[in-house]
Structure formats: C-alpha cells, structure tokens
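Remarks on the structure that follows.
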Protein chains: 2
Amino acid sequence: MFKFTTLNNKSQLKTETRKEEIIKTAAKLFKEKGYSAVTMRDLATAMGIKAASLYNHINSKQDILKDIIISLAEEFTQGMNLIKKSDHSTIEKLNLIVALHVEITAKNTFGMASLNNDWMHLEEQLDYYLQLRKKYEQDFIDIIKTGIATNEILDTNPEIVMFSILSTLRSLYLWIPKKEEITSVELAETLSQVLINGINK
Amino acid sequence: MFKFTTLNNKSQLKTETRKEEIIKTAAKLFKEKGYSAVTMRDLATAMGIKAASLYNHINSKQDILKDIIISLAEEFTQGMNLIKKSDHSTIEKLNLIVALHVEITAKNTFGMASLNNDWMHLEEQLDYYLQLRKKYEQDFIDIIKTGIATNEILDTNPEIVMFSILSTLRSLYLWIPKKEEITSVELAETLSQVLINGINK
DNA sequence: AACTCAAACTAACAAGCGTTAGTTAAGGTA
DNA sequence: TACCTTAACTAACGCTTGTTAGTTTGAGTT
C-alpha cells in the first residue's frame with residue numbers, strides 16, 4: 001500500500017494508519033448526512049475500496065462512532081478540569097472555555113458534528129457520554145455562579161447564561177470551515193468579546 | 001375512530017386530523033433519533049397502528065419531513081419580513097428576532113429539531129429550503145450592519161455577531177422543554193439581555 | 001336495511017443494510 | 001526461497017427498509 005508519510009512507526013514519526021483514515025473519512029460523511037444515513041458502502045466508496053474490506057481495520061460501524069465521540073468528549077473534560085482548578089478570575093475562565101472550544105473544534109470540525117448530533121446513537125458508551133456531558137455543564141454553571149457571587153458578572157439566570165454561551169460554542173463546527181481566513185486566536189478573542197461584553201454600545 | 005375533540009370540522013372548531021397526528025408524532029421521533037434512524041414501523045408503533053396503515057394518510061416518509069420543515073422555514077421568513085420592514089431601531093429589531101424564535105420554537109420544539117438537523121434529507125425541496133435560509137441570514141446580517149453604521153451597536157465582525165446570536169436561538173428547541181416553568185416572554189427578555197448587553201458587570 | 005367512507009388490517013415486494021467467511025495479491029523479512 | 005503481514009477482494013447471509021395492493025371493520029347517514 002502507498003503511504004503518505006515516508007517514515008514508519010518504528011522511527012517514531014506519526015504515520016496515519018488505515019484505521020485512522022477510515023475514521024476521519026467516516027466523520028466527514030457523518031457530518032454531511034448524520035450517522036444513520038451513512039452506509040458502510042458509502043464509507044467504502046469514499047475510501048475507494050469495497051465495504052467488506054473496511055472490516056480488516058475496524059470492528060463495526062458503532063465502533064467508529066464511539067471512537068469519534070468519546071475521544072472528543074474526554075478532551076473537553078480534560079480541558080474543563082484544568083480551567084476549573086486554575087486560579088483565574090471568572091471572566092478569564094470563561095475566556096479559556098471559549099478558547100478550549102475554538103481549539104478543539106478547529107482541529108476536528110467533522111468529529112464535532114458527530115459529538116453534537118449523533119451521540120444518541122452510542123450504545124454501550126451512551127451512559128458514559130451523558131455522564132461526561134452532565135459533569136461538564138455542571139462545572140460550567142458553577143463557574144458562572146461563582147462569578148455572580150463574587151460580583152464579577154451580572155446577576156442573570158445562570159442556566160440561561162450557560163445555555164447561551166454553550167450553544168454558540170457547540171455550533172462552531174458549522175461555522176469555522178466557512179471562515180478559513182480567520183485564525184483561532186482572533187476568533188476566540190472576538191467571540192469572547194461578543195459573548196461576554198455583548199454588542200450594545 | 002375515537003376523536004379527541006367533540007366538534008367536527010363543519011362546526012369550524014379545529015379538529016386535529018389523523019394526518020396531523022402522524023406528522024406531530026413523527027416530529028417527536030425525529031427529534032429523538034433523527035429522520036434517518038426513525039423507521040415507518042417505529043412511527044406506526046408510536047401511533048398504535050401498522051406501518052402500512054400510515055399510507056392511508058401520508059404519501060411518503062419524505063413528505064412528512066417536508067411538511068415539518070418547510071412550514072417552519074416559511075414561518076421564519078414571514079416573521080423576518082415583518083421585522084425588516086418595520087421602522088424600529090436595530091436593538092428593537094434584534095429583540096423582535098429573539099422573540100420570533102422563542103415563539104415559534106415554544107409552539108413546536110419537535111419540528112425545530114428537524115429544521116435544524118434533518119434539512120439535508122429534503123430532496124425536491126432542498127434548494128427551496130436553502131434559498132429561504134440564505135435570505136433569512138442575509139436579512140439578519142443587514143440589520144446588524146445597519147446597527148453598526150448608525151452607531152447603535154459595537155463595530156464587531158457582523159458575521160460573528162449573527163452566528164453567535166443565531167446559534168443560541170437555533171438551539172432553543174433543546175432547552176425550552178427543560179424549562180417549562182419559565183414563560184416565553186420572560187425567556188425572550190432574559191435572552192435579549194444576555195445576547196445584546198452581555199454578562200460583564 | 002343498505003350504503004358510504006375513513007381507517008385499520010394482512011401479505012408481500014425489491015432494494016438495501018451491516019456483517020462474516022474465505023480467498024488473493026503484493027511487499028517486507030527470515 | 002519461504003514465510004508473514006497488510007489490505008484488498010468476491011460471495012453471500014439474514015434482517016430491515018419504505019412502500020404497494022387488496023381486504024376488512026365499524027360507525028354514521030340515507
């Protein structure tokens with residue numbers, strides 16, 4: 001098989017394995033049509049092979065979805081844990097959350113579509129995913145509540161505030177691909193400004 | 001068949017037709033699992049009948065999706081046309097857009113899920129839907145640009161501002177069902193406050 | 001009592017689904 | 001040269017899909 005990198009695993013340079021290529025291609029298709037509407041034959045065609053050949057590399061369609069979603073969910077959990085434990089102000093913590101979403105999403109817009117839209121098709125890992133999500137949102141809300149208590153942010157319904165910010169951050173995967181000219185840092189800055197300070201003059 | 005209303009169509013009182021019941025049930029299922037993952041047998045079971053019986057009332061699965069999505073898209077278009085032509089200030093227009101989304105979404109949270117997540121499975125009507133959406137977003141951005149020009153709102157990237165607000169409004173369908181105690185008016189007010197004035201003290 | 005009609009039913013269809021089993025081809029290693 | 005590994009293949013499976021054709025049921029109307 002032709003490889004896109006010249007050095008193999010033994011020389012420590014990261015070569016994209018066939019399995020990783022399949023998962024990446026699957027994520028792309030899942031973003032376009034959703035998990036359920038993508039068939040293994042669609043995926044095979046996109047890879048230039050036959051459907052049965054996919055099974056030399058992956059265990060099942062389910063497993064591909066799990067690989068895409070769980071790794072991303074854990075990445076968010078890890079980022080939130082760092083932010084939570086840091087000693088920044090509330091506003092700074094919120095800026096860091098914005099930056100976390102921009103960074104992860106910019107790196108993997110396709111996977112973020114599955115995370116947002118296809119998590120309900122997880123089977124064994126559904127409970128685990130829901131647990132991670134619940135924890136993330138609870139940590140987020142706690143940060144907002146602290147900010148209200150310490151008089152750093154306005155005393156507004158914390159759930160509405162979180163919902164509002166998180167909705168925007170969760171939709172980034174739709175929007176980042178259309179704005180290739182803007183850097184992650186610029187986007188995170190503008191977004192922080194809009195979300196935190198509003199747009200009223 | 002048992003009917004849930006006592007007066008029939010001839011007496012001018014709106015009776016929910018069997019077709020409307022099916023579409024409403026379908027929207028509920030589509031929200032839970034997405035259009036592609038819901039089978040006609042799932043829908044039939046939810047209605048308490050056999051799959052073949054559905055076809056006495058509807059033409060096809062496709063047609064159900066079209067009915068759900070297009071009517072909502074046209075409702076938004078109509079609302080935007082009114083707002084656009086009105087002589088309110090930019091801030092007031094933005095408040096009206098928030099209220100429009102809250103109102104339509106509160107009335108039909110299930111359908112809003114399809115509008116947001118399953119539009120790509122439209123077939124004949126896909127181009128029409130995309131045209132309505134593009135027009136809506138263009139009108140939205142024009143309002144923001146006017147606000148910047150007239151010095152009513154801060155001079156920030158208009159696309160980021162629209163994206164930020166619209167992402168939140170488009171996610172309302174996920175959130176409204178969890179907050180049944182809050183009224184549409186209260187929600188619209190708090191949301192306007194957060195989206196327009198921010199949360200910074 | 002006879003008729004109408006909405007709304008259900010059974011049975012079946014062709015196509016497509018995810019997946020398995022067993023085989024082949026080519027390149028690197030012993 | 002013989003072997004091993006990787007990655008493709010063909011063929012087929014049992015099941016599910018959306019949809020159709022034709023039939024039955026039961027309540028309301030004439």
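Reckoned from all heavy atoms, side chains included, excluding hydrogens, waters and symmetry mates.
- Under the side chain to side chain donor-acceptor pair (under 3.5 Å) criterion, Thr77(B) pairs with no residue at all, not counting sequence neighbours.
- In the model, Asp142(B) has a side-chain atom that pairs as donor or acceptor with a side-chain atom of Gln138(B) under 3.5 Å.
- dT20(D) atom C1' lies 18 Å from atom NZ of Lys61(B), rounded to whole Å.
- In this structure, CG of Leu43(B) is placed 15 Å from P of dA7(C), rounded to the nearest angstrom.
- In the set dG18(C), dT10(C), dC9(D), dT10(C) carries the atom at the smallest distance from any side-chain atom of Ala52(B).
- The interatomic distance linking Ile49(B) (CD1) with dG18(D) (C1') rounds to 15 Å, in whole Å.
- Thr39(B) comes within 4.0 angstrom of the backbone, heavy atoms only, and of no base.
- Per the geometry, CE belonging to Met40(B) stands 6 Å off P belonging to dT19(D), to the nearest Å.
- Arg41(B) places its CZ atom 14 Å from the P atom of dA11(C), with the value rounded to the nearest Å.
- Residues passing the salt bridge (charged side-chain N to carboxylate O under 4.0 Å, His left out) test with Glu181(B) are Lys179(B), sequence neighbours excluded.
- dT20(C) atom C1' lies 14 Å from atom CG of Leu54(A), rounded to whole Å.
- Contact annotation: Lys50(A) side-chain N/O to dC9(D) OP1/OP2 distance is not under 4.0 Å.
- A donor and an acceptor atom sit less than 3.5 Å apart, one in the side chain of Asn56(B) and one in the base of dA8(C).
- Ring orientation note: the planes of Tyr35(B) and Phe30(B) are nearly perpendicular, at an angle over 60° on the 30°/60° scale.
- In terms of phosphate contacts, Ser53(A) brings a side-chain nitrogen or oxygen within less than 4.0 Å of OP1 or OP2 of dC9(D).
- Taking the six-membered ring for Trp and thresholds of 30 and 60 degrees, Trp119(B) and Tyr129(B) have nearly parallel ring planes, at less than 30 degrees apart.
- At whole-Å resolution of the value, CD in Glu21(A) and C1' in dA7(D) are 12 Å apart.
- Between His57(B) and dA8(C), a side-chain N or O to OP1/OP2 separation shorter than 4.0 Å is present.
- Taking atom CG of Asp42(B) as the reference point, atom P of dT19(D) lies 14 Å away to the nearest angstrom.
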